[in-house]
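Proteins get letters first, then strands, A, B, ... in listed order; numbering begins at 1 in each. Worth saying up front: this structure is predicted, and the values here are computed from it rather than measured.
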Amino acid sequence: MAELSKTYDPRTVEPKWYQRWIDNHDFEADANSKKKPFSIVMPPPNITGVLTLGHVLNNSIQDILARRARMQGFEVLWLPGMDHAGIGTQTAVEKWLRKNEGITRHDLGREKFLERVLEWQDKHGGIIIQQLKRLGCSCDWSRQRYTMDESYARAVLEVFVDLYKNGLIYRGRRMINWDPAAQTALSDEEVVNKPQRGNLYYVRYEIVDQPGKFLEVATTRPETIMADTGVAVHPKDKRYAKLVGKSVWRPMPREKIPVVADEAIDPEFGTGILKVTPAHDKLDFEIGQRHKMAVIDVLTPDGKINCPAVPELHGLDRFEGRKRAAELLEARGLLAKAEPYENHVGFSDRSDVPIEPRLSEQWFLKYPKTKEALAVVKKHLIHFFPRHWEKVYEQWIKNIQDWCISRQVWWGHRIPAWYRRSQKSEVRGRKSEIYVGIKPPKGPGNWIQDNDTLDTWFSSWLWAYETMDRKTRKKFYPTSVLVTGPDIIFFWVARMIFAGLEFKPGKTTKTEDNIPFHDVFFTSIIRDKQGRKMSKSLGNSPDPLDLIDKYGADGLRFGLMRIAPSGQDIRFDEKQIEEGRNFATKLWNVARFRQMHGPTQLTPEELECFKHSSSKERPSNTGQRAELECNKHSSFGELSIYAIEVLARLNETIDAVEKGYRDYEFNTIAQRLYDFIWSDYCDWYVEAAKTEIFSADESKKKSALAVMDYVLSAIVRLLHPFMPHITEELWSLLGLGSGSIQFASLPVRAGLALNKDTANKRQLVAAIYETVQAGRNLRAQARVPSNQKAKFALRSKERELAREQETIARLLNASELIIDPNFQAGAGTPIATTVLGEILLIVDVDLSTERERLDKEIAKVEAELRTVEGKLSNKSFVDRAPKDVVELNRQRQKSFSEQLKKLKEAREKL
RNA sequence: GCGCGGUUAGCUCAGUGGUAGAGCACUACCUUGACACGGUAGGGGUCAGAGGUUCGAAACCUCUACCGCGCACCA
């Protein structure tokens, strides 16, 4: 066994183990394995992406689940990969080209540009994969996939063709969300609403029949007046009833437009009159359709005014145009007023510019299997964690609209639609012949492929199964769990469910074989200390690599997991990561302490000696299995009461951890492990066991060390999914098992007999620990420095106490501990009462100080006693509360009154 | 407008019917045979507010206030 160095150095230990795991192919899944499958597909990060804290959280959770499953004996597949991120990558490469070469994609042309994207991707893409490796992710890298892999891309196109043939994909000229910066259509989900300050302009439209009389129309967008092809009022609005069917003059360019009545108008808003601009507003478009209005487009694709009839505005940017339009109207006396106004405007999620509703020819998908997709979640064939996301999902599905899937970018899966020019028609024009298929049809004519590519999410929605080959799919699909952020519940989670149900990649056609995953765990969203979302532009996102450098990957992982509540936002504070690092150091040091006292003597068999013969078997509450079993192995000897206590707590921890995994409550698991290791094991058990460890009695020493080994072995295994590197290092250095900890079985409950004897011993330990704390408190209050040994006395009738004298003295740092039920102390000796009896600190203190202290203590106990007695004198409480609660209160009453008696006696002597 | 969360110590958060908790920060003592990235002890809370259910409410119900998120509307 190698020595443990004085300090733990994650920077050398972590990469060392990761490399070894890779070299051993430990993460590679075997599709032929007989073991039960456990599988996760990684939400593919963008090829342009770099690791953020969000990724760290997300992937740590996946790694934890994968590693735990491996220890449970599953055949584990954690399938990693990347997303080509159409718009995002194209934008990144364009930016790079502009900066480095001063050229645009149009300078290069489609083919050349795509070559440059691939070049760029090889050079700068996929950094995140290396970063995930540094985090310790146990992905099967041999199966790493990419949404642009040839076979994957082919599958995407095939799906398109199929859906087209089934009539679910269609091409149509409709209002879509146009991103003037990226110059592409977007789906509804890619538009986010933001409040915007602006003005509400009241524009005067002259009534044709009644020259000199005007209608006032409120609008936030005067720059679109030139595209007005009507005004509308509510049919029941009496103010304007007479005008319906007549015409007004559009202010600029001056032209007659009709007044129509339409239910969609809110009479309460503004003046109750809406200017109808079918080309630039979704609602207006619908009104326009109903009343057969013309559609005039006055904006260019990049958001500039296109209206030669009003030369003052023509060519201006849309926002500049808005200002100028208002000025023009004002100059012509057609602006009644303008008032400040705040409304919500849709912004492009990616470009962060206001989107422009635009009439455009695009490809749409009518979502398949929406009802079924809702049903599988509502019937819990798919479980959402936390559950409240079900409602969000339901609400979205119920209001679902067709999905605009075509994008006017070059980088992506090019739409497999082909057009043949017929005479005098444009490629995209209506008269051209269309063919949908992966390859252009043979035969005469020049078939030209559609210029558009598919929404990136149209490829991601196949991710759960298209990443797997046939054999892998047979073994590992449906996947066990999906771990992802709630922000992509619509983008990705819902659509993957649709895809699974529609394309049926499973073993059979049964629904349960085709859902993409059984569980979905939605992670928290990480915010900064002020509660703001982490973002590049705010610069409030710490680089996880720096954090790994400072605190180790294990420290980062553990620190983050301990504070990550399920389904709520996390406020990130580096302090929390520091705690993770400190915890790793604590673990390291307690292991080092163990190792200083010689090598592990326990055989693997002995390490499992408490294990039940069958995991199904419940701990017996009659027998004394643990002791019997352990007595077979000399190393354990007779367990000390402290050993029994720590083993019992270990059992409780194992149970809590198991429940935590069932509920996906990672913070609970982390916290329980933290508390058990730091407090129960290090602070109490190890300190108490030092008596035996430093004892001359070899059998006692051996027993204590054996228990330490047993617990340490359980600890590192429980902790391994969270902190893979340090636990592997300790597993190996302490010689706790042969082979890698990754495939060691998880610890099971120690078979402690749950009998009266154990209960009594545990009670005694609790009493001792309480007494120790009371004694330390006396020491602190009497201002005896903690490095100075002090003399204590314990008045107790407890019979078993004598054999614990040395340990109690050690825990108190006592020079001497007198155990005597009749011990007489001088006046003014500080005294405290516990369930064991009274503890006294033999030291002279000022009488008045001690009086004061006792008075306070008495007051405290009196208050407690009053509360308890109040309860017990309440007949309803005694009759109706559960028995154990009443009993507990009775005990407390007894204990408090005894304490009070003792304290008062001591007080009277002063 | 509809829906979903949240409000507990100075800070970050646990706690879902029975003695209000942790970490950090703070105060005091301590480099004692693993650990100062540490140990010991301590101070600090009308559990957002009001009402209700209950023997008993931080927890369950109703309402209110404030914060956050999603969806819809937004001329």
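- Rounded to whole Å, the distance from NZ on A:Lys586 to P on B:G39 is 4 Å.
- Protein atom CH2 of A:Trp678 is 12 Å distant from nucleotide atom C1' of B:C24, rounded to whole Å.
- Nucleic acid contact for A:Glu579: sugar-phosphate only, since backbone atoms but no base atoms lie under 4.0 Å from a heavy atom of the residue.
- Both tests hold for A:Arg562 against A:Tyr674: distance to the six-membered ring centre under 6.0 Å, angle to the ring axis within 45°.
- In this pair, A:Trp396 does not lay its aromatic ring on the base of B:G70; centres under 5.5 Å and planes under 30 degrees do not both hold.
- Counting non-hydrogen atoms under 4.0 angstrom, A:Gln788 reaches nothing in the nucleic acid.
- At the heavy-atom level, A:Gln576 lies under 4.0 Å from the strands shown only through sugar-phosphate atoms.
- Side-chain proximity of A:Asp683 to the nucleotides B:U40, B:C24, B:C4 is greatest for B:U40.
- Look at the C1' atom in both B:G49 and B:U8: the space between them is 15 Å, to the nearest Å.
- With hydrogens and angles left out, the side-chain atoms of A:Glu216 and A:Tyr205 include no donor and acceptor closer than 3.5 Å.
- At whole-Å resolution of the value, CG in A:Leu888 and C1' in B:G18 are 8 Å apart.
- Contact of A:Arg892 with B:U19 (side chain to base): a donor-acceptor pair of N or O atoms is detected under 3.5 Å.
- Counting any heavy atom pair closer than 4.0 Å across all strands shown, A:Asp266 reaches a base atom.
- Put simply, CG on A:Asn813 is 11 Å from P on B:U32, counting in whole angstrom units.
- The base of B:A34 lies close enough to the side chain of A:Glu687 for a donor and an acceptor atom to sit less than 3.5 Å apart.
- Residue A:Tyr201 is out of contact with every strand shown, counting any heavy-atom pair closer than 4.0 Å.
- Taking atom CD of A:Gln773 as the reference point, atom C1' of B:G39 lies 13 Å away to the nearest angstrom.
- Phosphate contact (OP1/OP2 of B:C13, side-chain N/O of A:Asn667, threshold under 4.0 Å): absent.
- Between B:A34, B:C37, B:C30, one nucleotide has an atom nearer to the side chain of A:Asn582 than all others, and that is B:C37.
- When the P atom is used for both B:C61 and B:A22, the distance is 28 Å, rounded to whole Å.
- Heavy atoms of A:Arg810 sit under 4.0 angstrom from at least one base atom.
- Straight-line distance between the P atoms of B:C63 and B:C2: roughly 12 Å, to the nearest whole Å.
- Note: A:Tyr664 and A:Phe385 have tilted aromatic rings, judged against thresholds of 30 and 60 degrees for the angle between ring planes.
- Looking at heavy-atom distances under 4.0 Å, A:Pro882 makes contact with a base.
- Heavy atoms of A:Arg783 sit under 4.0 angstrom from primed sugar atoms or phosphate atoms, though from no base atom.
- The 5' end of RNA chain B is approached more closely, in terms of each residue's nearest nucleotide, by A:Lys575 than by the other of A:Lys575 and A:Trp684.
- Between A:Tyr393 and A:Phe384, the ring planes lie perpendicular to each other; the angle is over 60°, past the 30° to 60° tilted range.
- Between A:Arg592 atom CZ and B:C37 atom P the separation is 14 Å, expressed in whole Å.
- Comparing B:A34, B:C55, B:G70 by their nearest atom to the side chain of A:Val686 picks out B:A34.
- Taking the side chain of A:Cys682 as heavy atoms from C-beta on, and the options B:C37, B:A34, B:C71, the nearest nucleotide is B:A34.
- Nearest nucleotide to the side chain of A:Pro785, out of B:C29, B:G18, B:U31: B:C29.
- Residue A:Asn777 places at least one side-chain N or O under 4.0 Å from the OP1 or OP2 atom of B:G42.
- If you take atom C1' in B:U12 and the same atom in B:G45, they sit 16 Å apart, rounded to whole Å.
- For the pair A:Arg204 and A:Phe214, the distance from NZ or CZ to the six-membered ring centre is under 6.0 Å and the angle to the ring normal is within 45 degrees.
- When the C1' atom is compared between B:C69 and B:C30, the two are found 49 Å apart, to the nearest whole Å.
- Here A:Arg581 does not reach the OP1 or OP2 of B:C37: none of its side-chain N or O atoms lies under 4.0 Å away.
- In this structure, the NE2 atom of A:His344 is 12 Å from the P atom of B:C71, given to the nearest Å.
- Evaluation of atom-type donor-acceptor distances gives no pair under 3.5 Å for the side chain of A:Thr585 against the base of B:G38.
- Residue contacts for A:Leu200: at a heavy-atom cut-off of 4.0 Å it reaches the sugar-phosphate backbone alone, with no base atom in range.
- Using a 4.5 Å heavy-atom threshold, the side chains of A:Asn582 and A:Tyr551 count as separate.
- Geometrically, A:Arg649 does not engage A:Trp684 in a cation-pi contact, judged by NZ or CZ lying under 6.0 Å from the ring centre and within 45° of the ring axis.
- Within 4.0 Å (heavy atoms only), A:Asp284 reaches no atom of the nucleic acid at all.
- The interatomic distance linking A:Leu778 (CG) with B:G42 (C1') rounds to 13 Å, in whole Å.
- Here the nucleotide nearest the side chain of A:Gln671, chosen from B:G18, B:A34, B:A22, is B:A22.
- Out of B:C74, B:C35, B:C55, the shortest distance to the side chain of A:Arg880 is found at B:C55.
- Counting any heavy atom pair closer than 4.0 Å across all strands shown, A:Lys875 reaches no nucleic acid atom.
- Between A:Trp396 and A:Tyr367, the ring planes lie perpendicular to each other; the angle is over 60°, past the 30° to 60° tilted range.
- Residues A:Glu864 and A:Ile273 each lie close to RNA chain B; by heavy-atom proximity, the contact nearer the 5' end of the strand is made by A:Glu864.
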